[in-house]
Amino acid sequence: MLDVQLLRTDVQAVAKRLSTRGFELDIARFEQLEQERKTLQVRTQALQAERNQVSKRIGQAKAKGEDVSAVLAEVAHLGDELKASEAGLERVQGQLDELLSGIPNVPQDDVPIGASEADNVERRRVGTPRAFDFPVVDHVEVGERLGLLDFARAARISRARFVVMQGALARLQRALTQFMLDVHTTRHGYTEVYVPYLVNADSLRGTGQLPKFLEDLFWLERDELFLIPTAEVPVTNMVRGEIVPLESLPLKFVAHTPCFRREAGSYGKDTRGMIRQHQFEKVELVQMVEPSRSNEALEALLGHAEGILTALDLPYRVVTLCTGDMGFSSAKTYDIEVWLPAQNTYREISSCSNFEAFQARRMQARYRSDKGRPELLHTLNGSGLAVGRTLVAILENYQNADGSVTVPSSLRGYLGGVEKISAEAEATRD
RNA sequence: GGAGAGAUGGCCGAGUGGUCGAAGGCGCUCCCCUGCUAAGGGAGUAUAGGGUCAAAAGCUCUAUCGAGGGUUCGAAUCCCUCUCUCUCCGCCA
């Protein structure tokens, strides 16, 4: 949520900046609601003040044993008037909140302006895609030939966009998760947290998934809970409604969770394979920092995510998302895209964003500044990394002509020293 | 799931219809005193929003005693619903 003060003082400038991301702010409506709000609030508060004063007088009079019927008659009219005024204010405030919570974050000045993915700006490429001397196959074929990846059964158990993995592949996913968590906790200074996978609506409002993106969520209506679409939701909401001491900053959390997404509106996209699933594993990095530090924190966080890819020796590139492609709550986002040889392209494997105070304002997540005043935190997060897609990248980039998959050296310790996953090894294992 | 008890400021804790944003204590900040330390004295110490103002300061108003609703001229206090915590029983990983 944007600072309403900002809109009051310079709505034109805000609207202009929002238009760069394809959002048209209804200025007339905002100004009209603000006008109404102001009138109603002033009137309501004046009536409340009057009521309070009279009530106080009644109390004093009664204490002295005086007759209060005259004063009571005086306030008789107040009740209905106040009630009507309060109701009006509440209605307008509600409309204002609705308008406000539907406005996306304002992009930072250095975010490239553009309409879509096509206008994102590549920032750097790291690693060289491997040259294959045999026809590469995609991860689905790699996994199915090994007998370790099964979409048909998953569909029977559940429905489309789910997967069953077994044997060395299931273990490889677990190894990846462990590896990522270990790197972030021991080398990058994050505190590992374990969090709920079912969250309430307030948490989703806090990080900006609600009210706009209900369609993308799995919703357990009976229990008024939602399956998390990302660990960002429970982890960021750890500080909702809190005022954290300055000394505790920056807060750096890493969490491994499954993520659940309905993928409404993406029916034709990525229907094959594990790229787009209703359920996938992710290791998420979240930071809460002082406002002046959030941009350097974003660069650092991006580096932490990249560290996983370099350790796995997977080629990738970093792109700065343009205004039109950024997420609703973000002020600046970098995507990391990993090389997928079978698609002959780079695909998103991490998204690192600075939300500035946008989420913190919704959550009322604050810290006590050196001036002693509570101020809104800046929140950031990024995948470090999407485990499922990392698995895809390994299967494709590390595939061999004989159908086996080499295990990246940094993961071997997590797999009991196994160097290669092959059909034969699977057939002979205990 | 059943029975009971509770939720007040950074913390402890008083407050069962009136001058209560809330006694008292602890903690914290500033000042004074004390040649160190200890002790003592004084002042201050929630959050959000509105109005005034170019802005800030200041002044002023409103809201908030777990959350939401209700009764009342007036609610921390009475009523209803919900959430959470604790104790006992049951069940369970």
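Side chains are part of it too, since the values below use all heavy atoms of this structure and drop only hydrogens, waters and symmetry mates. Residue numbers begin at 1 in each chain, while the letters A, B, ... track the order of the sequences. Just so it is clear, the structure is predicted and the values come from calculations on it, not from any experiment.
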Report the distance from atom NZ of A/Lys56 to atom P of B/rG18, rounded to the nearest whole Å.
14 Å
Roughly, in whole Å, what's the span from CZ in A/Arg368 to P in B/rG10?
8 Å
Distance check needed: B/rG18 C1' versus A/Gln60 CD, whole Å only.
9 Å
Rounded distance in Å - CG (A/Asn52) to C1' (B/rU62):
8 Å
Identify the nucleotide, in any strand shown, that forms a Watson-Crick or G-U wobble pair with B/rG24, with both distances under 3.5 Å; if there is none, say none.
B/rC12
Write down the partner of B/rC59 under the Watson-Crick or G-U wobble criteria, each distance required to be under 3.5 Å.
B/rG51
Would you mind checking if A/Lys282 and A/Glu284 are paired as a salt bridge, meaning a charged N to carboxylate O distance below 4.0 Å?
yes
In this structure, how many angstroms lie between the C1' atom of B/rA46 and the CD atom of A/Gln364, rounded?
14 Å
Neighbours of RNA chain B within residues 235-246 of chain A, by heavy-atom distance under 4.0 Å:
none
Nearest-Å distance for atom pair CE/P, residues A/Met1 and B/rG49
10 Å
Can you check the A/Gln45 CD to B/rG51 P distance for me, whole Å?
9 Å
Nucleotide opposite B/rU83 in a Watson-Crick or G-U pair, distances under 3.5 Å:
B/rA7
Going through the distances and angles, do A/Asn237 and A/Val199 end up as a side-chain contact (heavy atoms from CB on, under 4.5 Å)?
CA-CA 10 Å; A/Asn237 274 281; A/Val199 296; over 6 Å; no
Both distances under 3.5 Å, Watson-Crick or G-U wobble: report the partner of B/rC33, or none.
none
